[in-house]
There are 2 protein chains.
Amino acid sequence: MGLSKTEQFTDEEILIARFAKALGHPARIAILRVLLERKACICGDIVDELPLSQSTVSQHLKELKEAGLIQGDIDGKKVCYCINEQVWKQAQETLGILFQSYTASDTSCC
Amino acid sequence: MGLSKTEQFTDEEILIARFAKALGHPARIAILRVLLERKACICGDIVDELPLSQSTVSQHLKELKEAGLIQGDIDGKKVCYCINEQVWKQAQETLGILFQSYTASDTSCC
DNA sequence: TTTTATAATCGTAAAATTACGATTAATGTA
DNA sequence: TACATTAATCGTAATTTTACGATTATAAAA
């Protein structure tokens, strides 16, 4: 029925999937790229850089924020976004561990 | 509406998002875990390990296969799945570069 | 050849995602 | 105070994802 059934999996599996899912759209990668380049960035600037409407970008920002990867600080009538260092490193590590756990085997498949 | 508009983004953004999306569900992380542990694995064994129906697991396997992260070799009336080393390393690298491009800034946000 | 086992595919339904325009809330400016 | 700007939220529609049971195709076994 389209539900995620998240209860059935381990916390780590859910965490990794959560980070990965947040990264699972080109627009959100593009947003992160802008933030990574400029260190910090006003929402409007991000909208200008992307081929998407303001409301759509805002939605993507919300998803990145909900995954914890970015944070937004209110600055007057603008909102300044930036990478959340702590969570970013956590995502890097959990995903890194997953990828590193592969040890090239002599026999590729059966 | 509801379309991905992938044409508007760079090939690299699309590629990273593609890998991340494939990893964006706990069931698929769980599947990969099984494959990483056992090196190679019969489809049926994966079904036994997961709290999902055979058809649902098959669907998740298909998505991982379409992203290139795994491959399936027919072995009699069974199908043996394993990590696709080349693509796995490519995903590791592209995602790794993204994560590493963050350099902790002195000023966290505005 | 018939039966059994394995795994993909089909059909279907519910839910989530993506996208946009319009509206709203909040803050700064005239 | 009235106006303008900024960004979130609402409402809506199309698409995609998730999930399952049922069916199908294939190959091994009886």
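Naming convention: chains lettered A, B, ... in sequence-line order (proteins, then strands); numbering from 1 in each chain.
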Novice: Return the set of residues passing side chain to side chain donor-acceptor pair (under 3.5 Å) with B:Gln92 (not counting sequence neighbours), or none when no residue passes.
Specialist: none
Novice: Under the ring-ring contact (aromatic ring centres under 6.0 Å, His included) definition, can you give me all pairs with a residue in residues 40-77 of chain B, not counting sequence neighbours?
Specialist: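 As it turns out, the ring-ring contact (aromatic ring centres under 6.0 Å, His included) pairs with a partner in residues 40-77 of chain B, which skip direct neighbours, are B:His25-B:His60.
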Novice: Looking at A:Thr56, I'd like to know whether one of its side-chain N or O atoms comes within less than 4.0 Å of OP1 or OP2 on C:dA19.
Specialist: no
Novice: Considering only D:dA7, D:dC20, C:dA7, which nucleotide approaches the side chain of B:Cys43 most closely?
Specialist: C:dA7
Novice: How many Å lie between CZ on A:Arg18 and P on C:dT17, as a whole number?
Specialist: 12 Å
Novice: Partners of B:Gln59 by side-chain contact (heavy atoms from CB on, under 4.5 Å), sequence neighbours excluded?
Specialist: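 Testing B:Gln59 for side-chain contact (heavy atoms from CB on, under 4.5 Å), a comparison that skips the adjacent residues, returns none.
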Novice: Roughly, in whole Å, what's the span from CG in A:Leu52 to P in D:dA8?
Specialist: 15 Å
Novice: What residue pairs, at least two apart or across chains, pass salt bridge (Lys or Arg N to Asp or Glu O under 4.0 Å) with a residue in residues 51-70 of chain B?
Specialist: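 Non-adjacent pairs meeting salt bridge (Lys or Arg N to Asp or Glu O under 4.0 Å): B:Arg28-B:Glu63.
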Novice: Could you state the CD-P distance from A:Gln71 to D:dA7, rounded to the nearest angstrom?
Specialist: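 Roughly 16 Å, once rounded to whole Å.
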Novice: Would you give the length of the straight line joining atom OG1 of B:Thr94 to atom CZ of B:Phe99, rounded to the nearest 0.5 angstrom?
Specialist: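 Output value for this atom pair is 10.5 Å.
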Novice: Please tell me which of the listed nucleotides, D:dT9, D:dA22, D:dA7, lies nearest to the side chain of A:Lys78?
Specialist: D:dA7
Novice: Could you tell me how far apart A:Ile42 (CD1) and D:dT6 (P) are, to the nearest whole angstrom?
Specialist: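 It works out to 10 Å between those atoms.
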Novice: In this structure, how many angstroms lie between the C1' atom of C:dA5 and the CG atom of B:Asp45, rounded?
Specialist: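 After rounding, the gap between these two atoms is 14 Å.
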Novice: Suppose we screen for side-chain contact (heavy atoms from CB on, under 4.5 Å). Which residues come up paired with A:Ser101, at least two apart in sequence or across chains?
Specialist: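 side-chain contact (heavy atoms from CB on, under 4.5 Å) check on A:Ser101 returns B:Leu36.
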Novice: Partners of B:Arg33 by side chain to side chain donor-acceptor pair (under 3.5 Å), sequence neighbours excluded?
Specialist: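 For B:Arg33 the side chain to side chain donor-acceptor pair (under 3.5 Å) partners, ignoring immediate neighbours, are A:Glu12.
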Novice: Could you check which of D:dA19, C:dT9, C:dA8 has an atom nearest any side-chain atom of B:Tyr81?
Specialist: C:dA8
Novice: Check every atom of D:dA8, C:dT18, C:dT9 against the side chain of B:Ser55 and return the nucleotide holding the closest atom.
Specialist: C:dT9
Novice: Rounded to whole angstroms, how far apart are NE2 on A:His25 and P on D:dT15?
Specialist: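 Atom-to-atom, A:His25 to D:dT15, this comes out as 15 Å.
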Novice: Given atom CG of B:Asp73 and atom P of D:dA27, what is their separation to the nearest angstrom?
Specialist: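 Distance, rounded to whole Å: 15 Å.
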Novice: Could you please name the option among D:dA22, C:dT17, D:dC20 that lies closest to any side-chain atom of A:Lys21?
Specialist: C:dT17
Novice: Which parts of nucleotides 25-30 of chain C does protein reach within less than 4.0 Å, heavy atoms only, written one letter per nucleotide 5' to 3' as B for base, S for sugar-phosphate only and - for none?
Specialist: --BS--
Novice: Quick check on contacts: within residues 57-67 of chain A, what sits under 4.0 Å from DNA chain C by heavy-atom distance?
Specialist: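 Contacts with DNA chain C under 4.0 Å: A:Gln59, A:His60, A:Glu63.
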Novice: Could I get the full list of side chain to side chain donor-acceptor pair (under 3.5 Å) partners for A:Lys89, not counting sequence neighbours?
Specialist: A:Glu85
Novice: Whole-Å distance between C:dA7 P and B:Glu49 CD?
Specialist: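 Between P of C:dA7 and CD of B:Glu49: 14 Å.
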Novice: Is the number of heavy atoms from other residues, nucleotides or ligands under 6.0 Å of B:Ile74 CD1 greater than 12?
Specialist: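 Open: at most 12 neighbouring heavy atoms sit under 6.0 Å from CD1 of B:Ile74.
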